[in-house]
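Shown next, in structure tokens, is the structure this report addresses.
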There are 2 protein chains.
Amino acid sequence: MGIAERKARERVHRRNVIVDAAEDVIFKYGFSAATMAQVAKAAELSKGTLYLYFKSKEELYRAIILRGFIILKKMLREAIKEGNSGYEKIIIVGKTYIEFSEKYPNYFTTILDYENDTFNLAAAETESLQALEEGNAVIEILIKAIREGTKDGSITEQGNPFETAFVLWSQFTGVLQVVKRKVNIIEHYFSLTKEDLLTTHWRMIERMLR
Amino acid sequence: MGIAERKARERVHRRNVIVDAAEDVIFKYGFSAATMAQVAKAAELSKGTLYLYFKSKEELYRAIILRGFIILKKMLREAIKEGNSGYEKIIIVGKTYIEFSEKYPNYFTTILDYENDTFNLAAAETESLQALEEGNAVIEILIKAIREGTKDGSITEQGNPFETAFVLWSQFTGVLQVVKRKVNIIEHYFSLTKEDLLTTHWRMIERMLR
DNA sequence: ACAAACAATGACCGTTGGTCATTATTTATA
DNA sequence: TATAAATAATGACCAACGGTCATTGTTTGT
């Protein structure tokens with residue numbers, strides 16, 4: 001029975017078409033300003049159809065967030081291969097995160113939005129859960145690097161690697177968020193550039209790990 | 001001519017009444033879910049009147065954010081008196097920030113929203129600018145502590161204190177944001193508590209400064 | 001007592017996310 | 001191939017919302 005498979009394929013395809021369209025519109029106008037009517041038009045579908053594939057505008061946005069996490073994960077997996085010690089791998093994770101935020105500013109925005117979203121595990125939708133799993137996968141990469149670093153002695157003892165990973169990641173996200181949202185202000189009031197802030201952040205990270 | 005003064009006083013008073021009402025409603029339902037009609041009812045005013053005092057719902061929210069920053073600033077100024085060295089004062093700033101986030105979770109949320117808000121300096125409204133100034137004032141407290149720590153030798157040389165202050169603050173905010181939004185997930189998937197994360201963060205901060 | 005200035009009102013408007021009865025298309029059955 | 005059943009897509013429609021503004025009410029100055 002190939003019909004069911006074909007239908008499933010078509011459904012997946014149409015879903016992707018919708019997410020593509022949503023990306024175009026939302027990246028252009030921002031989540032709040034973008035409308036479902038615009039997305040429908042861009043996808044060459046009726047508005048009602050969008051709701052056959054996504055429960056709400058939020059849920060559609062989470063599909064975009066998920067894409068962001070998948071790209072980030074892929075970048076991290078690729079980049080980390082080059083590291084020759086745990087320490088190096090940790091540094092690579094950081095550098096890659098920065099690179100991601102610069103290369104895919106729109107996806108990075110979605111990840112910031114995700115981080116700022118309160119999560120109700122009980123009421124979680126499919127899409128949300130997947131984004132969450134991908135977020136966890138990203139952290140796992142860092143956890144592994146930290147474990148390796150402790151084992152090979154390239155970083156000092158850090159206690160529970162899970163904790164270290166989450167805290168490192170949160171600190172990084174915090175700095176990148178400020179860099180993204182507030183550099184213009186900080187530059188205006190304190191004459192500090194993005195590079196200044198990132199350099200200082202790096203210096204601190206190194207002290208923390210060595 | 002006392003009439004002008006009385007009118008100005010009344011205007012300030014009514015403004016505060018509106019912000020009080022907005023706090024009640026927005027803290028209860030969240031910014032998006034709260035409606036201007038609800039705020040108007042809580043303030044015992046008509047909806048139109050709200051717009052005589054605030055340009056938009058966002059601008060009204062920024063008045064709440066501003067209150068948050070003022071409270072935080074006050075707490076910091078008070079707490080920092082107890083510090084006997086630059087290092088101690090930096091630690092106190094961190095502890096107080098945590099305390100603030102726990103004692104005033106709603107105000108802390110507003111500050112996170114502010115941090116996550118892109119700020120268009122050119123198009124800034126009065127209210128926004130004031131929030132910004134208060135945000136800067138908070139950072140200034142930290143800058144001062146860092147300067148003192150460098151001078152009295154209680155922390156190692158850290159380069160430009162402005163940079164150090166912003167990065168420290170951003171890292172802290174990042175960790176507190178994750179703690180606020182994601183502990184339930186982290187606890188569920190990784191069995192880590194809020195305290196675990198904060199303890200690790202502290203350990204890292206100490207290493208960075210010493 | 002009257003007019004001018006100021007303040008507050010709420011009916012109204014345009015826009016939006018989301019719904020659902022209707023229509024169109026595809027699949028299964030004979 | 002004809003017909004019924006199941007599946008998919010549509011867009012008119014709705015309720016709710018942020019925001020506006022002509023009208024009404026109140027205070028001040030003459």
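Lettering of chains follows the sequences in order, A, B, ..., and the numbering in each one begins at 1. These figures come from a predicted structure and were not determined experimentally.
Under the salt bridge (charged side-chain N to carboxylate O under 4.0 Å, His left out) criterion, K73(A) pairs with E134(A), not counting sequence neighbours. Every salt bridge (charged side-chain N to carboxylate O under 4.0 Å, His left out) that E10(A) has, sequence neighbours left out, goes to R6(A). The side chain to side chain donor-acceptor pair (under 3.5 Å) test applied to K57(B) returns no partner, not counting sequence neighbours. Not counting sequence neighbours, E206(B) has no partner by the salt bridge (charged side-chain N to carboxylate O under 4.0 Å, His left out) test. Scored by the salt bridge (charged side-chain N to carboxylate O under 4.0 Å, His left out) test, E88(B) finds no partners at all (sequence neighbours excluded). Shown here are the ring-ring contact (aromatic ring centres under 6.0 Å, His included) partners of Y87(B), two or more places apart in sequence or in another chain: there are none.
Evaluation of the salt bridge (charged side-chain N to carboxylate O under 4.0 Å, His left out) test over residues 94-112 of chain B, restricted to residues two or more places apart or in two chains, returns E102(B)-K194(B). Legend: ring-ring contact (aromatic ring centres under 6.0 Å, His included) pairs involving residues 32-54 of chain B, not counting sequence neighbours: none detected.
Nearest to the side-chain atoms of R6(A) among the listed nucleotides dT27(C), dT27(D), dG19(D) stands dT27(C).
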Which donor-acceptor pairs under 3.5 Å do the side chains of residues 21-32 of chain B make with protein atoms, sequence neighbours left out?
from, atom 1, to, atom 2, distance (Å)
E23(B), OE1, Y107(B), OH, 3.1
E23(B), OE2, R67(B), NH1, 2.9
E23(B), OE2, Y107(B), OH, 2.5

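Between the side chains of T164(B) and Q158(B), no donor N or O sits under 3.5 Å from an acceptor N or O.
Heavy atoms from other residues, nucleotides or ligands lying under 6.0 Å from NZ of K180(B) number more than 12.
The distance from atom NZ of K57(A) to atom P of dT16(C) is 9 Å, rounded to the nearest whole Å. Atom-to-atom, CG of L60(A) to P of dG18(C) comes out at 10 Å; the value is rounded to the nearest Å. Rounded to an integer number of Å, the gap from NZ of K55(A) to C1' of dG18(C) is 12 Å. Computed from coordinates, the E59(B) CD to dG19(D) P distance equals 11 Å when rounded to whole Å.
Near-neighbour residues of DNA chain C inside residues 16-43 of chain A, defined by a heavy atom below 4.0 Å, number-ordered: A34(A), T35(A), M36(A).
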Close N or O pairs between protein and nucleotides 24-26 of chain D (under 3.5 Å):
none

* Asked: Quick one: what's the B/S/- string for nucleotides 5-10 of chain C, heavy-atom cutoff under 4.0 Å, read 5' to 3'?
  -> -S-BBB
